[in-house]
Amino acid sequence: MIENYLQTLVKDAAEQLGLSLSVSQVVIETSKDAAHGDYATNIAMQLSRQLRKNPREVASQLIARLDQSKMEKIEIAGPGFINFFLKPSALTQYIPLIIEQGENFGNGAKQQKTVNIEFVSANPTGKLHLGHARGASVGDSLARLFTKSGYEVIKEFYVNDAGVQINNLGHSLYTRYLNLLGINKAMPENGYFSEDLIAIAQMLMDEVGDAYKEENDTSLEFFKSRGSSIFLDIIRQDLAAFKVIFDVYSFESKVKEKDAISRLLTKLAPYTYVEEGATFLRTTQFGDDKDRVIIKSNGEHTYFLPDIVYHLDKLGRKADLLIDVLGADHHGYIGRMKSALQMFGYGPETLEVQIIQMVRIIKDGEELKMSKRTGNAITLEELIAEVGVDAARYFFIAKSASTHFDFDLNLAQERTSANPVYYAQYAHARLSAVLSKGTIYPLDTSGNGLHTAEELSLVKQLIAYPGVVLDATTTREPYKVANYIQKLASLVHSYYTEVRILDDTNPLLTSARLGLSKATQIILKDALSLLGVSAPISM
RNA sequence: GUCCCGGUAGCUCAGUCGGAUAGAGCAACAGCCUUCUAAGCUGUGGGUCGGGCGUUCGAAUCGCUCCCGGGACGCCA
């Protein structure tokens with residue numbers, strides 16, 4: 001956009017001085033202070049070292065060779081900044097483009113690349129809780145960002161339906177069932193103690209009566225498979241209510257089917273050795289901290305093996321990049337999986353792991369420890385009921401995923417304007433109201449006639465949108481979109497308060513302002529949609 | 001002991017490949033609704049950017065080191 005235009009101007013001017021610069025070397029920043037113009041560059045200070053000249057002198061030589069047709073003026077300031085003061089038309093010329101492209105404004109060029117984003121991937125042994133909700137928000141927004149940036153995206157959920165956890169679930173559920181039948185049996189040591197399990201046991205008892213009162217493998221198998229499939233259904237429903245829809249559910253049980261594990265072992269053979277009865281994989285050859293056990297001395301394989309099969313499966317289906325969104329407790333897992341994939345010839349950059357830091361629950365100013373045993377976790381379902389989908393998603397996304405997150409229950413339950421999502425949605429609602437009342441005026445989409453400081457700073461913020469989308473995608477940081485939204489909403493509210501948009505005494509200006517409102521509404525709505533947050537037309 | 005994340009206003013957090021006077025929201029205080037939605041706007045106060053050393057025209061940002069908080073380091077999943 002405009003940054004690119006300015007970069008090229010500077011580059012051309014530098015070439016006339018006999019300097020060859022790449023466009024990306026010219027850093028254009030938006031000025032914080034209006035006295036510093038609309039945009040600024042520090043290029044003269046960067047160049048002064050290699051030219052061994054005073055930066056202000058370099059700046060004046062550049063300016064003398066710069067195309068100034070779209071400038072009101074150019075100034076050298078401070079130690080050697082070049083400040084650009086643009087003509088209003090240089091900014092407002094983008095308004096027709098925004099209105100014409102609509103929600104496609106800011107889209108990236110087609111990438112011919114497929115990104116597989118795996119997130120949530122909770123065990124089907126209980127309901128989703130707040131930790132999962134953060135992963136769901138971040139993963140889903142990443143998917144939306146990649147889609148907007150031109151990638152093919154696959155959203156994937158991996159279901160661990162064949163491991164120790166499911167065994168625990170089966171035993172716990174079965175025990176609850178037997179208890180309901182009046183048979184005395186203690187819950188397993190590592191069992192699941194949540195209330196939900198009792199309800200499900202009751203449901204199954206109503207369905208099958210005492211058919212499974214004999215303790216045997218068939219009985220246990222029934223409770224394992226029914227329990228996990230019931231929980232998976234609940235998980236899917238909760239996610240759908242949270243506006244997170246997965247394209248693919250992959251099941252561990254399917255991954256392990258046939259002889260997938262033994263075939264994998266054959267291929268990994270060159271990288272293995274046996275020590276004290278266990279088989280190790282030489283992941284250190286590819287940068288891991290230590291070699292990893294893949295077959296325990298008791299002959300069972302570790303979880304690492306099916307995970308490798310699964311990742312190879314994802315790559316084999318169609319994916320140029322795998323992104324795993326995982327909780328912070330998984331960070332030790334990154335090195336070994338990257339190593340394993342390299343054994344199959346994939347570069348280390350094929351797999352990216354986005355670590356989501358912990359969520360701490362704060363209630364009455366104190367941390368609330370969540371415990372599987374007592375089942376006191378706050379569920380996603382409860383979260384949605386308490387604060388709503390929009391507020392919850394915005395809450396989770398508005399902070400960098402790499403920072404520890406304090407979720408203040410009292411604040412969330414207040415349901416007041418303290419939550420920034422309302423601020424942004426309200427801005428959209430106000431614009432919508434003005435536009436619908438303004439239909440009696442013709443919509444001027446040209447941008448001509450806009451000139452006040454409020455109008456131009458709003459336009460500058462609109463122009464910045466494509467850059468924000470790109471930046472948020474390449475850094476995998478959706479919170480940057482939230483920051484952008486807050487700034488945009490703030491400009492909208494100021495503008496709305498300072499300026500009477502629908503002005504009977506000046507229909508021409510009204511039409512132009514409606515055009516600006518329309519363009520702003522388009523971008524605000526699209527930015528919110530990247531976070532999975534709705535843009536209401538009234539509140 | 002090793003690795004990861006963090007330490008910026010009373011609280012929660014931003015801070016554009018290192019830039020101009022370090023910002024926003026909340027909280028506090030003072031104003032603004034006969035006119036498009038006051039879930040809003042305007043203004044005020046509030047800082048040893050965890051400490052130290054270094055790199056350079058310039059450091060919250062980069063390097064080294066120390067301190068504090070959270071997490072991970074198993075033939076667990």
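To find a chain, count down the sequence lines: A is the first, B the second, and so on, and within it residues start at 1. Since we're looking at a predicted model, the values are computed, not measured.
- Here, B/rA59 and B/rU48 have their C1' atoms 16 Å apart, quoted to the whole Å.
- Out of B/rC41, B/rG71, B/rA39, the shortest distance to the side chain of A/H331 is found at B/rG71.
- Looking at heavy-atom distances under 4.0 Å, A/E300 makes no contact with the nucleic acid at all.
- Counting only heavy atoms from C-beta on, A/S400 has its side chain closest to B/rA14 among B/rU37, B/rA14, B/rA77.
- At a cut-off of 3.5 Å, with distance as the only test, no side-chain donor of A/D503 or A/T510 sits close to an acceptor on the other residue.
- Nearest to the side chain of A/Y423, among B/rC75, B/rG19, B/rG40, sits B/rG40.
- Close to B/rA24, at under 4.0 Å from its OP1 or OP2, lies no side-chain N or O of A/K399.
- Regarding contacts with the backbone of B/rA77, every side-chain N or O of A/T302 stays at 4.0 angstrom or more from both OP1 and OP2.
- Rounded to a whole angstrom, the distance from the P atom of B/rC4 to that of B/rG10 is 31 Å.
- For B/rU16, the OP1/OP2 oxygens have no side-chain nitrogen or oxygen of A/T30 closer than 4.0 Å.
- Nearer to the 5' terminus of RNA chain B, by closest-nucleotide assignment, is the contact made by A/D329 (compared with the other of A/N160 and A/D329).
- Atom name C1', nucleotides B/rG25 and B/rG40: the rounded distance is 14 Å, in whole Å.
- Comparing B/rA20 with B/rC49, their P atoms are spaced 15 Å from each other, to the whole Å.
- Sequence order on RNA chain B of the closest nucleotides to A/H493 and A/K290 puts A/H493 first from the 5' end.
- Other residues, nucleotides and ligands place no more than 12 heavy atoms under 6.0 Å from the NZ atom of A/K487.
- Distances were taken from every side-chain heavy atom of A/Q165 (C-beta onward) to each of B/rA77, B/rA20, B/rC75; the shortest belongs to B/rA77.
- Within 4.0 Å (heavy atoms only), A/S31 reaches no atom of the nucleic acid at all.
- Following rounding to the nearest Å, A/H404 (NE2) and B/rG6 (P) show an atom-to-atom distance of 8 Å.
- For A/N83 against B/rA20, a side-chain-to-base donor-acceptor contact under 3.5 Å is present.
- The phosphate of B/rA38 has OP1 or OP2 within less than 4.0 Å of a side-chain N or O from A/R430.
- A donor-acceptor pair under 3.5 Å is formed between the side chain of A/T439 and the backbone N or O of A/S436.
- In this model, the phosphate group of B/rA20 is approached by a side-chain N or O of A/K32 to a distance below 4.0 Å at OP1 or OP2.
- Rounded to whole Å, the separation between the C1' atoms of B/rG46 and B/rA22 comes to 14 Å.
- Side chains of A/E156 and A/S250: a donor-acceptor N/O pair is present below 3.5 angstrom, by distance only.
- Between A/F395 and A/F405, the angle of the ring planes goes over 60°, which puts this pair in the perpendicular group of the 30/60° scheme.
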Checklist entry - Pairing of RNA chain B as dot-bracket, 5' to 3': ( ) intra-strand, [ ] crossing, | other strand, . unpaired, with Watson-Crick or G-U pairs under 3.5 Å? => result (((((((..((((.....[...)))).(((((.......))))).....(((((..]....))))))))))))....
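- At B/rC41, none of the side-chain N or O atoms of A/Y426 fall inside 4.0 Å of OP1 or OP2 (strictly under the cut-off).
- Taking the charged nitrogens against the carboxylate oxygens, A/D313 and A/K254 have no contact shorter than 4.0 Å, which rules out a salt bridge.
- Between the side chains of A/E455 and A/Y495, a donor-acceptor pair is found at a separation under 3.5 Å.
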Item to check | Stepwise side-chain contact (heavy atoms from CB on, under 4.5 Å) test for A/V481 and A/S141 | outcome: CA-CA 10 Å; A/V481 177; A/S141 285; over 6 Å; no
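- Of the candidates B/rC75, B/rA77, B/rU37, B/rU37 carries the atom nearest the A/A429 side chain, counting heavy atoms from C-beta on.
- Remark: A/F231 pairs with no residue by the ring-ring contact (aromatic ring centres under 6.0 Å, His included) rule, at least two apart or across chains.
- Between the side chains of A/N160 and A/Q165, not a single donor N or O lies within less than 3.5 Å of an accepting N or O.
- Heavy atoms of A/T403 sit under 4.0 angstrom from primed sugar atoms or phosphate atoms, though from no base atom.
- Using a 4.0 Å heavy-atom criterion, one finds that A/D33 contacts the bases of the nucleic acid, with or without backbone contacts as well.
- Looking at heavy-atom distances under 4.0 Å, A/A77 makes contact with a base.
- Sorted by residue number, the members of residues 453-489 of chain A with any non-hydrogen atom under 4.0 Å from RNA chain B read A/Y479, A/N483.
- Residue A/E252 is tested with A/Y303, A/Y158, A/Y310 for a side chain to side chain donor-acceptor pair (under 3.5 Å); the sole match is A/Y303.
- Considering A/N4, A/V10, A/L9 in turn, A/L9 is the only one that fulfils the side-chain contact (heavy atoms from CB on, under 4.5 Å) rule with A/L6.
- Counting distance only, with no hydrogens placed and no angle test, the side-chain atoms of A/T497 and the base atoms of B/rC41 include no donor-acceptor pair under 3.5 Å.
- Counting non-hydrogen atoms under 4.0 angstrom, A/N42 reaches a base of the nucleic acid.
- For the C1' atoms, the distance linking B/rU55 with B/rU16 amounts to 23 Å, nearest Å.
- Relative to the side chain of A/E276, the nucleotides B/rC75, B/rG74, B/rA14 differ in distance, and B/rC75 lies closest.
- Among the nucleotides B/rA39, B/rG6, B/rG19, the one closest to any side-chain atom of A/S402 is B/rG6.
- Residue-level contact check: A/I537 touches the bases, meaning some heavy atom is under 4.0 Å from a base atom.
- Across the P atoms, B/rC67 and B/rG51 are found 15 Å apart, a figure rounded to whole Å.
- Residue A/A427 is out of contact with every strand shown, counting any heavy-atom pair closer than 4.0 Å.
- As rounded to the nearest Å, B/rG18 and B/rU12 have C1' atoms that lie 27 Å from one another.
- Between the side chains of A/S31 and A/D33, no donor-acceptor pair is found at a separation under 3.5 Å.
- In this structure, the nucleotide among B/rC5, B/rA38, B/rG19 sitting nearest to the side chain of A/Q46 is B/rG19.
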